[in-house]
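Computed over heavy atoms, backbone and side chain alike; hydrogens, waters and symmetry mates excluded.
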Amino acid sequence: MQTTQPLTATIATRIETGRWAVTAFAGVALVFATAFLALRLIAPSDGATATYVTSSWADEGMAVTRLPGAGSPLRDGDRVVAIAGHPISSWPGGTLAALDGAAAVAPGETLGYVVVRDGQRVELEVTLGSFPLAGVVLQNWSTLAWLALLSAVAAYLIYRRPDRGPTRALAVAAIAIVASTLPWMMGLGPIDLVAGGPMPLLYLAATIPFYTLFWSALLHFGLTFPRPLTTGAAQRRLVLLAYLLPLSAQAAWMAGSLPGAETTLGWVGGWTRPQLMIVPAVIMAALVVLAIQWRRARPAERVRIRWIAAASGLAVVGVLAGWFLPEALNGEPLLPWSFIGLPGLPFPLALGVAVGRHQLFGIETILQRSLVYGGLTIGVASAYVLSVVLIGAVLPGEGLYAEALLATGLAALVALPLRDRLQRGVSHLLYGDRDEPHRAIARLGQRLEASLEPDTVLPVVARTVAEALKLPYAAIELRHDGTIAVAAAHGTSRGLLERIPLVHRGEEVGWLVLAPRSADDPFSAADRELLTELARQAGAAAYAVRLTTDLQRSRQQLVSAREEERRRLRRELHDGLGPALAGSLMKLQAARSLAGSDPAAVGRLLDELAGQTRRTIDDVRRVAYDLRPPALDQLGLAEALAQEARRLAPASASFEVHAETELDGLPAAVEVAAYRIGLEALTNVVHHAAASRARIDLRLDGDALLVEVRDDGRGMAPGGRPGIGLATMRERAEELGGALTVERAAEGGVAVRARLPLGEAADRA
């Protein structure tokens, strides 16, 4: 146990390092390639490009080929020597703008070109134009399709299995070939060397090293596919050498050829020569590694290798037969060069098919099919043997041929239903009810019907979902009053969790939180389809549980509020009215005893008794007012609020109350709640809004009373938390089964809207 944790941490660190390395490499490649392509599209073009990367660059100039769709006097094979009197061989010397003191060259300008054509120096007038993007795309559409398909497959693999060596190798290969091929495809013309700018440097940085990295990545793939050639440090050294040796050979050639170069142009022109040695050497090394992998591979792994080998062989044979061999023999390719990417399509397609149908770097599908077809073989063989025995016993003397024929027919009849049953059984063993969603939904419904206690509903849902898809963990999180809490869980949480919203009647009540079966087995489309159905059922159950919980809490609050009110009344009566009445009684008794002997003292006692009685009456009124404001019975709801509005309104403000209809006969609870909500809202306006106007509107809407308080004050602060007054108003509305909203009004200020149901309030009253 002491070594497990450090080892796990080390593996996790290497996985994350590999992810970041691939991401960083992709970022660098994207920067170079994107920067070049952006400049290529806006820079002027003379309609020509170097014949192959830098192989046509020489001390005397640049050999070019005309871009497709470009109207240029330059021809294929022309070697451009000078532009506007500026020799190409002086690159990277001064630009045309620096020499002539003019602005940068732009489309529409006409420049004088000196070219060598068929051994003769020819002067041409070349008018610069825009880059012929459409023609280049049409000429290279098949190569672009191959790049897109390879990139898509590599992205899918790195998404599914970022911790595996083959996926990283393919990701690097795809990034490298895209980053090197796109700039080469767009091309670099003579004008780009003398016009100034970073285009030539970006072109060289994208094409030469990334092209070398592509072949290194393919060798890296061979070293790790279908499993690492070696283990530990030895494997890491092999992978490192796969990248360092080709790059070092390229760099060594470039450094070694520099001292003998007459011009930079000629020196750069030799950079492609080491590729003639590096690429064949890497291919040979990859073939050797592939042979070693084949010899040590298990049968299932050999099937995987066949997919890749067959696709690669088809690509090589297709390119040779369609283009290079016919051109070498007859001078013309068999197919147009724009089709040359088609033979390469089987390679990424083979990867896609292998991943989609054979789980290229996993064993889930292999295990499933092995169980199904192994069981099918045993079942069919048993049916055949049993049929032969039974037929021989029932029909003696028919001959072996007849017995075998009948037994084969019976075995064939058994095969199909047996296969279907085995398929369902194995699928259920590995994936639960994924292929039979109705079973999972029915089971959930049955368990919910049997769950009588609200506390058991959500645990039943979590357990049913986990069992339905063989998941290690399932939980339900509920949202309530701005907080999120786990209401029920089944299993042990591990890995990256997924959350599916629980929605009921358009309201998101919570989430279904799930852990996949393993990190390498994310949820499939069939899993998600079943989970969507289960989430729909779980959403309704979660909503019902939340309502039940809210109802129970509301009842508890009502009981608590009632008991608090009783305690307050008892305190008021016992500590206030009780002593006051007792004191009054004592003074009455004293006055009675002094009535005949000291009339003046009796008068004083009666005066004190009168004052004390008035105070007691005020206390009784206050207690009664707290129970129900007397103004409601004396004036009605609208006039009572209007009276309070006139009392609360500052001298410079106008507070109004408006009732659309007569509000007689309202339930007592509704009247009190509307009065308290309106009064609290006006109090907030006075204390916080600095408003000049406020208005209370009262109206009946079906079976509910609507109370709306609007002001023209400064409104609520963005992100501000509601105060005690707003919480109290909301509680009063919710106690009656209603609701209260507070929002910024369109014309400024705040609008408080309360809806108080009449029926429920009448029942509760």
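The shortest non-hydrogen separation linking Ala673 to Leu756 is CB-CD1, 4.2 Å. Nearest heavy-atom pair across Ala171 and Ala154 is CA-CB, 4.1 Å. Across all their heavy atoms, Ala691 and Val685 have their closest contact at CB-CG1, 3.9 Å. Nearest heavy atom pair, residue Pro757 against residue Val670, reads O-CG2, 3.8 Å.
Every side chain to side chain contact (heavy atoms under 4.5 Å, CB included) that Leu635 has, sequence neighbours left out, goes to Ala631, Glu639, Gln643. With sequence neighbours left out, Ala704 forms a side chain to side chain contact (heavy atoms under 4.5 Å, CB included) with Arg755. Listed by chain and number, the residues in a salt bridge (charged side-chain N to carboxylate O under 4.0 Å, His left out) with Arg753 are Glu708, Glu743 (sequence neighbours excluded). When the side chain to side chain contact (heavy atoms under 4.5 Å, CB included) test is applied to Ala649, the partners found at least two apart in sequence or on another chain are Phe655. Under the side chain to side chain contact (heavy atoms under 4.5 Å, CB included) criterion, Ala681 pairs with Val709, Met729, not counting sequence neighbours. Legend: residues meeting salt bridge (charged side-chain N to carboxylate O under 4.0 Å, His left out) with Glu656, ordered by chain and number and at least two apart, are Arg693, Arg695.
For the pair Leu758 and Leu705, the minimum side-chain heavy-atom distance is below 4.5 Å. Proximity of Arg676 to Val672: side-chain heavy atoms (C-beta onward) are separated by under 4.5 Å at one or more points. Side-chain contact between Leu706 and Leu700 is absent, with no heavy atoms from C-beta onward closer than 4.5 Å.
Residue Val657 is tested with Leu682, Leu641, Leu637 for a side-chain contact (heavy atoms from CB on, under 4.5 Å); the sole match is Leu641.
Here salt bridge (Lys or Arg N to Asp or Glu O under 4.0 Å) pairs that include residues 677-688, with residues two or more places apart or in two chains, number zero. Sorted by first and then second residue, the side-chain hydrogen bond (donor to acceptor under 3.5 Å, both in side chains) pairs involving residues 681-692 (not counting sequence neighbours) are Ser692-Asp712.
If you take OH on Tyr675 and CG on Leu698, they are separated by 12.5 Å, rounding to the nearest 0.5 Å. Here the CG atom belonging to Leu726 is positioned 11.0 Å from the CD1 atom belonging to Ile677, to the nearest 0.5 angstrom. In this structure, the separation between CD on Glu731 and CG on Leu740 is 11.0 Å, given to the nearest 0.5 Å.
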